[in-house]
Amino acid sequence: MTDSAPPITRRDALALMLGSAAATVAGPADAQAPAPIPAPPPAPTVPKLGEALTPFGAVRAGNATRAIPPWTGGLTTAPKGYVPGRHSPDPYPEDGRWFTVGPGDVERYKFRLSAGLQALLAKFPDSFEVPVFPCRRSAAAPQAVYDASIENAGRATLGGNGLVLGGARIGVPFPIPANGVQAMWNHLLRWRGTNVTRTGQTILPGGEGGMAGRLYREDVSIPYSAGVEGGPPLLYRRTTLAPKEETGTVLLAQATLNPIQSGFRAWARIGERGRVVPAPDFLYETPDPASGGICTADMLDMFSGPLDRFDFTLVSRREMYVPYNAYRLNTPNLAPADFLWRGHPSPQFLRYEMHRVWIVDARLKPNYQHSLPDRTYYLDEDSWQIVMAEHYNGKGDLLRYAEAHNVAHWQVPAFLPAAEFVYDLTADRYVARGIDNAQGPPVFDKPLKPEEFTPESLTRRGRRG
């Protein structure tokens with residue numbers, strides 16, 4: 001590990017995003033000119049959804065070099081060796097590593113690398129690398145979700161300065177986004193099934209192989225995806241299962257489509273018999289206690305919460321190396337110490353592929369405060385999952401970098417993170433969230449009722465012990 005490399009600034013990252021392929025060979029002097037964010041692009045004339053574009057608005061065809069293949073529907077059948085109740089085996093075992101991007105290769109591949117990956121390569125030149133594999137466009141959703149997404153393109157609307165969503169149902173609200181706010185709504189309401197229950201560890205790898213972590217169960221009900229109109233579109237409950245002294249601690253949250261009429265609501269209970277209290281401040285820059293202070297509340301699920309405090313600009317759609325098809329992270333009997341190194345995970349268990357991503361720039365609005373006021377989000381075009389996110393301070397220094405390493409759950413089908421990694425680039429630490437290879441796969445068919453996500457439900461659960 002070294003700290004000698006100059007920090008990557010937001011100005012340099014934006015200059016690269018807004019430039020052309022020639023930016024990969026630009027000299028140091030060329031990178032000094034400020035790169036202003038352009039005005040949101042006008043709504044383009046685009047091919048028809050479901051034809052040249054997929055129902056989610058992705059480009060169906062492959063790219064010119066064939067590094068990205070055509071989308072043919074994603075992964076919807078069981079891989080060889082699948083056993084019910086266990087994590088899916090790697091459906092692409094024949095894929096060998098295509099090539100490796102090391103610290104000495106950054107200039108050559110800079111146009112395909114996020115600023116966060118460049119920062120990791122600079123910070124850990126002796127241990128971190130980017131293993132690039134063939135692209136497999138595995139993200140998939142049910143036909144009913146595709147049909148609804150196509151219909152949403154003609155009926156979804158935004159009011160209240162982009163804060164209030166109307167007209168959309170079940171599918172992606174804006175498969176052909178005209179601006180950054182629409183793209184972020186797509187992430188917030190992307191298809192993940194209608195109910196998801198998963199148990200996983202949140203771990204803060206320490207020195208000498210030390211692992212400080214907690215075990216959580218997350219229950220997510222998504223009435224929006226079930227076609228339920230009115231009420232919260234998404235309900236979230238995080239229950240602490242370990243360590244013993246924190247067992248029963250719960251965070252409960254209810255999202256909203258109309259924060260002007262009904263705001264984001266959250267509650268907390270400390271311990272199994274603790275008092276249930278409102279947690280209205282679990283928003284924005286409030287530190288998430290589960291992350292050791294590395295993450296803010298709005299970094300949960302890569303981005304969550306209201307869109308009211310940032311200006312979101314849709315910058316471009318770009319072919320980049322992104323984490324994808326992370327089945328190696330679900331290897332059975334793999335202990336956290338086996339792959340969570342100090343500073344970063346072992347590259348042996350990581351997989352990056354070239355995919356097209358939408359790039360959204362976020363800047364804090366005037367008169368608001370946030371410890372990480374400038375961000376860059378990279379959204380997978382096939383799923384609208386944010387796969388990478390960069391978080392800058394007010395001076396433009398990159399302080400946090402997050403990645404979602406996803407897998408396709410063919411039986412739903414749905415595309416969800418197998419793990420999220422959030423790096424504190426000011427120190428040798430990171431948090432790994434959702435590590436579940438020892439816990440079993442997510443459960444998509446467990447009934448979850450709306451009344452299970454109310455503060456009254458926490459009181460009843462506490463009384464039952």
Side-chain angles (χ1 to χ4, degrees), residues 8-18 35 37-38 40-41 56-58 112-120 139 162-163 172-175 177-190 192 255 283-285 294-324 352 355-365 370-393 396 398-406 415-417 420-423 425 433:
I8 294 177
T9 67
R10 189 165 182 271
R11 178 191 59 199
D12 297 334
L14 289 174
L16 186 62
M17 285 191 295
L18 295 169
I37 295 296
F56 281 2
R112 307 293 184 202
L113 298 171
S114 66
L117 277 176
Q118 294 178 49
L120 289 178
L163 302 181
V172 171
F174 303 101
N179 53 59
V181 175
Q182 292 184 359
M184 296 303 288
W185 271 112
N186 287 346
H187 166 76
L188 292 172
L189 296 176
R190 68 196 185 279
R192 287 166 280 179
L283 285 169
Y284 309 120
E285 68 172 346
I294 293 177
C295 301
T296 53
D298 58 7
M299 294 167 68
L300 185 68
D301 191 32
M302 299 298 283
F303 176 84
S304 61
L307 298 168
D308 60 330
R309 295 197 177 182
F310 286 86
D311 289 317
F312 296 96
T313 300
L314 190 61
V315 178
S316 66
R317 177 155 39 182
R318 169 76 62 82
E319 297 173 2
M320 300 185 71
Y321 302 137
V322 303
Y324 225 89
Y352 295 82
H355 286 259
R356 299 185 191 96
V357 292
W358 291 99
I359 301 176
V360 174
D361 173 81
R363 292 186 176 182
L364 190 69
K365 293 180 178 179
H370 199 297
S371 57
L372 299 167
D374 296 328
R375 286 97 176 276
T376 303
Y377 294 104
Y378 303 83
L379 293 80
D380 170 42
E381 71 163 352
D382 287 334
S383 65
W384 289 102
Q385 165 75 49
I386 294 176
V387 290
M388 303 181 294
E390 293 150 1
H391 302 262
Y392 298 81
N393 64 11
L398 180 57
L399 302 187
R400 301 287 190 273
Y401 173 58
E403 291 185 338
H405 292 250
N406 300 274
F415 192 68
L416 276 73
E420 292 180 9
F421 302 114
V422 185
Y423 302 90
L425 297 175
R433 303 202 279 198

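Each residue takes its place number in the sequence, starting with 1.
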**Item:** Result of checking Met320, Arg112, Glu403 against Tyr352 for side-chain contact (heavy atoms from CB on, under 4.5 Å)
**Value:**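 Only match with Tyr352 under side-chain contact (heavy atoms from CB on, under 4.5 Å): Glu403.
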
**Audit row: Asn406, Ser383, side-chain contact (heavy atoms from CB on, under 4.5 Å) steps and yes/no** = CA-CA 10 Å; Asn406 300 274; Ser383 65; over 6 Å; no

Flag, side chain of [X] to backbone of [Y], donor-acceptor distance under 3.5 Å:
X      : Y      : answer
His187 : Ile386 : yes
Arg400 : Val422 : no
Asn186 : Phe174 : yes
Gln118 : Leu113 : yes

How many angstroms lie between [atom1] in [X] and [atom2] in [Y], if you round to the nearest 0.5 Å?
X      : Y      : atom1 : atom2 : answer
Arg356 : Ser316 : CZ    : OG    : 13.0 Å
Asp361 : Asp374 : CG    : CG    : 7.0 Å
Glu381 : Glu319 : CD    : CD    : 9.0 Å
Thr376 : Arg363 : OG1   : CZ    : 9.0 Å
Asp382 : Trp384 : CG    : CH2   : 10.5 Å

Might you point out which heavy atoms bring [X] and [Y] nearest each other, and give the distance in Å?
X      : Y      : result
Ala178 : Leu314 : C-CD2, 4.3 Å
Pro175 : Pro177 : O-CD, 3.4 Å
Leu307 : Leu163 : C-CD2, 3.8 Å
Ala183 : Leu379 : O-CD2, 3.4 Å
Tyr392 : Ala115 : OH-CB, 3.6 Å
Leu425 : Leu120 : CD2-CD2, 3.9 Å

Is any side-chain heavy atom of [Y] closer than 4.5 Å to one of [X]?
X      : Y      : value
Gln182 : Pro173 : no
Ser114 : Tyr401 : yes
Met299 : Ile294 : no

**Message:** Taking the six-membered ring for Trp, are Tyr284 and His370 closer than 6.0 Å centroid to centroid?
**Reply:**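 Ring centres of His370 and Tyr284 not closer than 6.0 Å.
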
**Message:** Suppose we call two aromatic rings close when their centres sit under 6.0 Å apart. Are Tyr378 and Tyr321 close by that rule?
**Reply:** no

**Message:** Which label fits Tyr377 and His391: parallel for a plane angle under 30°, tilted from 30 to 60°, or perpendicular past 60°?
**Reply:** perpendicular

**Item:** Ring geometry between Phe303 and Phe312 (parallel below 30°, tilted from 30 to 60°, perpendicular above 60°)
**Value:**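 Taking Phe303 first and then Phe312, their aromatic rings stand perpendicular (interplane angle over 60°).
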
**Request:** Determine, for Arg190 against Asp380, whether the closest basic-nitrogen to carboxylate-oxygen distance falls under 4.0 angstrom.
**Result:**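 Salt bridge between Arg190 and Asp380, a charged N being under 4.0 Å from a carboxylate O: no.
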
**Request:** May I have the step-by-step check of side-chain contact (heavy atoms from CB on, under 4.5 Å) for Glu285 and Asp298, ending in yes or no?
**Result:** CA-CA 7 Å; Glu285 68 172 346; Asp298 58 7; 6.0 Å; no

**Stepwise side-chain contact (heavy atoms from CB on, under 4.5 Å) check, Gln385 with Met302** = CA-CA 9 Å; Gln385 165 75 49; Met302 299 298 283; 3.9 Å; yes

**Prompt:** Please walk me through it: do Asp301 and Glu420 pass side-chain contact (heavy atoms from CB on, under 4.5 Å)?
**Reply:** CA-CA 8 Å; Asp301 191 32; Glu420 292 180 9; 4.2 Å; yes

